[in-house]
Amino acid sequence: MINQLVLVREWHPLVLILIGLIVGLVVYVIYRLGNPSFKETRYKREPFLSGNVSPGESKALHIGGSNLYWGFTRALKKYFKPLVGAHTGIVNDYLYWFIITIAIVMVVLYFV
Amino acid sequence: MNIDIVQHSPALILAVPLLFAFLTPIVARISEKGRDAIFFLGLFIMAFFVSVMAYEVYTVGGWSYVFGGGTVTPNGTGSSFFRILFVADGISAMASITLTISAIGAAIYSYKFMEHDTGLNKFNTLFLLMIAGVNGMVLTGDLFNLFVWFEVASVSSAALIAFKNYEGEAVEAALKYMILSVVAGLFFLLSIGFLYGQYGVLNFQLLAENITGTNLDKIALTILVVVLALKAGAVPLHFIIPDAYSMAPGSVTAVLVVASQAGLWVLFRVVFTLYGLAVNTFTLGWIVIVLGILSMFIGVTMALVQKTVKRLMAYHAISQTGYMLLGVGVGLAVLGQPEMDIYGRLAMEGGIFHIINHAMYKGLLFMTAGVIIYETGKRKLDELGGLGHSMKWTMVFFMIGALAIAGIPPFNGFASKLMIYKSVYSFNPLLSIIAMVVSILTLASFVKVFHSIFMGPKDESVSKTTEAPKPMLLGMAILAGVVILFSLFPGLVVSTIVEPAVEALGVIV
Amino acid sequence: MNWEAILMTIPYMTVVILFMIGLFTVLFKKNLIKIIMGIAIMQNAANLFLVSLAYRRGEYAPIFTSAESTEMVMPTAHALTLTSIVIGLATTALLLSFVIMIKKHYGSINTDDVRRCKE
Amino acid sequence: MNWKMSRIVRTVTNFLIVPIIVYGIYLVLHGHLTPGGGFQGGAVIASSTALLIIAYGTLGEHEKDLSSVEALGLTLFILIALLGIGTTMFYNFLAGAGGVFGGTIPEGINPGYINTGGTVPLMNIFVGLEVTAALSLIIWMMSKETFVINSEKKEVKD
């Protein structure tokens with residue numbers, strides 16, 4: 001009965017969760033086998049910020065917001081510039097798009 | 001005078017929110033507490049009638065309800081030739097369930113969310129009117145009645161978008177939303193004129209019987225498809241959706257998502273039952289698929305460059321709508337051919353299952369964004385940071401929503417996306433690959449949002465933020481609970497709710 | 001030349017002309033009030049279209065108590081037009097109040113200025 | 001700052017209001033016999049409110065009452081529709097049942113008797129009530145806004 005309840009065309013979430021639990025258990029066992037007295041020593045020094053002084057726990061460290069994917073957007077600038085430009089915010093342009101879509105769909109439906 | 005609740009439930013689903021919407025100003029004069037009590041009472045009575053109707057539809061089968069007609073004839077012919085007709089079948093049951101869950105979650109959430117605002121009896125009235133409008137749009141079996149409820153939903157959601165005034169931007173978003181909805185409504189009226197002029201009948205079932213694919217019908221079909229795609233937010237027409245979702249108050253956005261999905265429900269009902277095989281369904285299927293692919297890809301790429309939380313989530317709503325259009329577009333493309341049973345039905349089930357999944361986790365995400373704005377007052381991603389320290393529960397809900405929308409395996413987003421990937425792959429491999437790439441990009445943009453809001457050092461300027469108040473957490477917990485329930489038992493949901501909806505698309509009860 | 005048929009299409013031609021005028025105003029005019037006027041013109045065109053659909057040659061108005069004969073026009077199209085007029089009023093009232101609020105906040109009602117929600 | 005028209009306009013308005021309202025009520029009541037009905041009659045009565053607002057510049061503190069009247073009209077409309085739930089919603093249970101609006105409609109040409117429509121006249125009355133209040137509220141809200149802009153003589157660039 002459980003199968004009928006949960007199975008969606010070969011996708012069985014409970015099996016996945018079961019596997020997750022088992023893997024978690026194994027990882028936990030390996031963690032417990034570790035030697036608790038091991039001191040984390042290797043990365044004791046400060047991260048090398050190419051010589052700059054690290055600003056510490058301040059807000060400056062937190063790269064967030066819109067410039068997180070700046071590389072991605074800069075690389076695809078040729079694609080993003082017209083796309084973002086199309087969102088002009090003017091009501092008339094929105095209505096153009098509405099009329100253009102009706103025209104295109106009407107032509108496609110008529111001829112094909 | 002025994003009133004057979006079950007038989008009258010479609011009408012009562014509409015009458016109760018309307019009645020309580022109009023009672024609010026009177027009760028509000030007597031007591032503020034009474035007004036909120038009326039608001040929740042109306043919602044819970046409507047939820048009761050929705051469950052009664054859904055139970056009846058899933059056990060006995062659909063029926064149509066004639067307003068003011070003599071007797072309630074099972075297949076809606078006879079005296080209902082010219083009367084307004086409500087159809088209770090798989091589609092309306094599923095859509096009403098989706099709407100009720102997100103409406104109750106949003107109502108509980110908005111109890112605390114709207115307390116700094118004045119004019120709350122207007123908010124309650126508009127909220128109930130929007131719910132009645134969306135329910136009407138989905139339940140109705142009459143073409144002109146659909147136009148009326150389309151306008152009721154548009155007017156009330158535009159007014160709700162302009163409710164909280166962020167220095168006038170909310171009014172601008174509402175104005176644009178309203179102008180496009182009105183112009184779209186007028187084109188809709190034209191197509192009603194075409195169909196009524198030709199066949200002299202407005203009823204879905206009778207129209208479906210004698211529609212032949214004349215050129216005028218094709219023009220009417222084009223206008224119907226494009227107007228409903230505008231309401232749902234497919235790409236070339238999606239421009240109003242980001243403004244509307246980002247400017248509306250948090251709790252309203254959760255129901256706004258379902259309001260635009262009502263456009264999708266009606267689009268499927270028009271395309272499958274009203275026109276069915278009278279029109280070349282392969283080209284129509286491909287038109288819907290192209291709309292879906294455009295929505296998916298452009299929605300997610302626009303989301304990657306967004307700077308404010310709600311606008312980013314709005315673009316994701318558009319890209320997820322693309323999944324639904326893709327799924328059902330494939331089903332439409334192979335309608336009537338033998339492949340329908342091989343992968344067409346699976347694609348439609350995946351598309352429709354994705355609608356209810358999306359309504360749940362998208363509502364949850366918008367509510368978390370609402371909490372962040374409610375607590376910190378800041379909207380831009382750059383100004384937020386390190387909120388994870390103080391807002392534990394909101395972070396948990398955000399993670400559930402983000403993992404579900406990105407389609408990470410145990411969650412319900414993955415269940416419906418897997419069905420779409422499998423079936424679309426056997427239809428056309430390239431489409432399925434695009435769908436997967438878009439899913440990865442969705443995950444990328446939500447990692448960006450999660451990192452910039454919740455992670456990072458504890459910020460002094462937003463240090464005073466405390467966890468969200470109890471009702472808001474309860475509202476989010478309801479939606480998160482449903483997301484988890486759907487992700488653990490997708491088979492149950494598909495077999496009880498989604499299959500009758502796909503069955504109902506083929507034949508009008 | 002079948003003048004009879006051409007005369008019959010005059011109402012529909014007016015509908016097309018009115019609708020195009022309304023569409024032109026809505027698409028190309030930059031002033032919000034003019035856009036709302038364009039929408040009002042389109043609403044009238046749609047209403048005219050619905051009413052002209054119901055015309056049957058030689059039949060009477062469907063007033064039950066003073067009917068010369070039982071040949072009556074089917075009044076559904078008129079009912080549709082009534083509802084559409086009422087909806088037209090509601091939407092125009094809402095649009096106009098939005099424009100009033102925008103004038104207060106933005107100081108101008110030109111669509112080129114009213115575009116803070118872009119990109 | 002109360003912005004009033006001259007005395008002539010105010011006295012003429014006082015006289016004009018009465019026929020407009022009577023005509024509006026006639027339209028509402030005879031909705032099921034003659035062209036007209038709830039919405040049209042309500043709109044006529046609301047035009048008298050517009051006249052009042054223009055003449056006297058203000059409608060006084062009646063916003064709350066107007067929105068309550070509007071809510072009352074709509075609630076009664078839905079209740080009348082729900083009363084017919086025995087068979088289906090919006091069922092015309094009063095027609096032909098004797099009673100207040102239940103008279104039988106005589107055959108052939110007749111001037112039309114008011115006592116015939118069943119629930120239709122009642123619905124007309126409630127819709128008339130609602131539309132009068134709603135339209136007056138709309139006109140009053142809009143004029144209140146524009147009065148504020150004009151009276152403050154704010155320099156508003158256009």
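Below, read A as the first sequence line, B as the second, and so on, with proteins coming before strands; counting in each chain starts at 1.
Heavy atoms closer than 4.5 Å to chain C are found in both the backbone and the side chain of Val148(B). Heavy atoms closer than 4.5 Å to chain B are found nowhere in Ala54(C), neither backbone nor side chain. Using a 4.5 Å cut-off between heavy atoms, Tyr315(B) touches chain C through its side chain atoms alone. For a residue to count as touching a neighbouring chain, one of its non-hydrogen atoms must lie under 4.5 Å from one of that chain's; by this rule Glu151(B) touches chain C with the side chain only.
In terms of heavy-atom pairs under 4.5 Å with chain B, the best-connected choice from Ile36(C), Ile87(C), Leu50(C) is Ile87(C).
One finds a salt bridge joining Lys30(C) and Asp112(C) here, because a Lys/Arg side-chain nitrogen approaches an Asp/Glu carboxylate oxygen to under 4.0 Å.
No donor-acceptor pair closer than 3.5 Å links the side chain of Ser84(C) to the backbone N or O of Leu80(C). Remark: side-chain polar atoms of Thr140(B) are not paired, donor with acceptor, to backbone N or O of Gly136(B) under 3.5 angstrom.
Using bins of under 30°, 30° to 60° and over 60° for the plane-to-plane angle, the ring pair Phe188(B)/Phe147(B) lands in the parallel bin.
Between Phe19(C) and Phe187(B), the ring center distance clears the sub-6.0 Å criterion.
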